[in-house]
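Before any comments, here is the structure.
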There are 2 protein chains.
Amino acid sequence: MYKRKIPLTMDCGLHLTKEVLNGKWKPALLNAIALGVRRPSEILRLLPGATRRVLSVQLKELEEHGMIEKKTYPQLPPKVEYSLTEIGWSLMPIIDALNQWGDTHRTFLETVIRQDPKVVHITKSACQLQHLSVGEQQVG
Amino acid sequence: MYKRKIPLTMDCGLHLTKEVLNGKWKPALLNAIALGVRRPSEILRLLPGATRRVLSVQLKELEEHGMIEKKTYPQLPPKVEYSLTEIGWSLMPIIDALNQWGDTHRTFLETVIRQDPKVVHITKSACQLQHLSVGEQQVG
DNA sequence: CAGAATCCACCAGGATACTG
DNA sequence: CAGTATCCTGGTGGATTCTG
């Protein structure tokens, strides 16, 4: 088993939270599940930029960190459903805030980020989360 | 100049925000500056886990993204002061929420994160942010 | 004191193929 | 459909040294 060689730094709340949300798709995954998209294949469709492997890895981490729960139906073909735990739900106001802040300042942000000479080109449509209305949220 | 070869994905607000806060010390840096710690040497003292170089790099990125402003006094020895821009300030509720969430669930989080077999050991005291009371915040 | 230049270890995440 | 194993690339951030 792989072991990380660089120690974590985690005594202020900021770093603890960062560790939980650390991963390219973690916030999007939590958001998707909160919006009722609970099956891996659906999530995969929702995030065309991500591969099955990466989603798998990050979902597992979220599960290990206690943010989501996994329900496996022992069938063929297999069926899996994820749901938020209570502590997972407690993250949603933050996710919403992140999402909203990005949307509010979209024009500005796209400009300054595009100005960044490091950024070669931008791919659009890697995430369809914004097409789901928040009103469709399901109650845990 | 280094150029990034992997395209960004940034059409949902979540990813825009993530790009801005992307960097090990970015939220902590914003928080520090908001709390009135504006000089590099002070910030360095506040975040003993980070090196001068990394702070320098991430401060520059925050500046390029328009979150902070840099004021240089042409003296010897040089003196530099950072401050939040208006849009930078607009991030503070989010930073506070991240910080608070981590603190609220500290016990749980430290447990599940430590359970993670990837984590070998944890360094404490890499960040002294929690020693500053929020009451000491300065107005932009 | 502030920061630029180098060098590099580490590891996150993408591609692909395979199993049940 | 869901998940794992393997391999590989690129880029973040740490160490160190040097300048003004």
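Protein chains get the first letters and strands the later ones, always in sequence-line order, with residue 1 at the start of each.
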Without decimals, in angstroms, what is the distance between [X] [atom1] and [N] [atom2]?
X	N	atom1	atom2	result
E64(B)	dG3(C)	CD	P	13 Å
K24(B)	dA9(C)	NZ	P	18 Å
L55(A)	dG14(C)	CG	C1'	12 Å
Q75(A)	dG3(D)	CD	C1'	16 Å
K26(B)	dT12(D)	NZ	C1'	11 Å
N22(B)	dG13(C)	CG	P	10 Å
L47(A)	dG13(C)	CG	C1'	14 Å
L62(A)	dA12(C)	CG	P	14 Å

What pairs with K18(B) under side-chain hydrogen bond (donor to acceptor under 3.5 Å, both in side chains), at least two apart in sequence or on another chain? none
First locate atom CG of N31(A), then atom CD1 of I95(A), and finally report the distance between them rounded to the nearest 0.5 Å. 6.5 Å
State, with a plain yes or no, whether a side-chain heavy atom of L62(A) is found less than 4.5 Å away from one of I33(A). no
Taking the side chain as every heavy atom from C-beta outward, state whether V20(A) and L16(A) have any atom pair closer than 4.5 Å. no
By side-chain contact (heavy atoms from CB on, under 4.5 Å), which residues pair with R52(A), not counting sequence neighbours? L44(A)
Taking side-chain contact (heavy atoms from CB on, under 4.5 Å) as the test, write out the residues that go with S90(B), two or more places apart. W101(A), H105(A), I87(B)
Based on the rotation axes of five pairs at each end, what angle does the helix from dC1(C)-dG20(D) to dG20(C)-dC1(D) bend through, to 10°? 40°
R106(B) vs E110(B), salt bridge (charged side-chain N to carboxylate O under 4.0 Å, His left out): CA-CA, chis, key distance, verdict: CA-CA 6 Å; R106(B) 169 180 301 281; E110(B) 289 188 344; 3.2 Å; yes
Candidate nucleotides dT4(D), dA2(D), dC1(C), ranked by approach to the side chain of S41(A) - the nearest: dA2(D)
List, one per line, each side-chain donor-acceptor pair under 3.5 Å for residues 71-85 of chain A, sequence neighbours excluded.
from: Y73(A); atom 1: OH; to: E81(A); atom 2: OE1; distance (Å): 3.4
from: T85(A); atom 1: OG1; to: G66(A); atom 2: O; distance (Å): 2.6
from: T85(A); atom 1: OG1; to: M67(A); atom 2: O; distance (Å): 3.0
from: T85(A); atom 1: OG1; to: G88(A); atom 2: N; distance (Å): 3.1

Would you say K70(B) reaches dA2(C)'s phosphate, i.e. side-chain N/O to OP1/OP2 under 4.0 Å? no
Distance below 4.0 Å between Y82(B) side-chain N/O and dG3(C) OP1 or OP2: yes
Taking NZ, NE, NH1 and NH2 as the nitrogens, is one of them in K60(B) or E64(B) under 4.0 Å from a carboxylate oxygen of the other? no
The residue, Q58(A) or L59(B), whose nearest nucleotide of DNA chain C is more 5′ is L59(B)
Counting any heavy atom closer than 4.0 Å, what does V54(B) reach on the DNA or RNA strands: base, sugar-phosphate only, or nothing? base
Table of protein N/O atoms under 3.5 Å from nucleotides 15-20 of chain D N/O atoms:
from: dA15(D); atom 1: N6; to: R53(B); atom 2: NE; distance (Å): 3.0

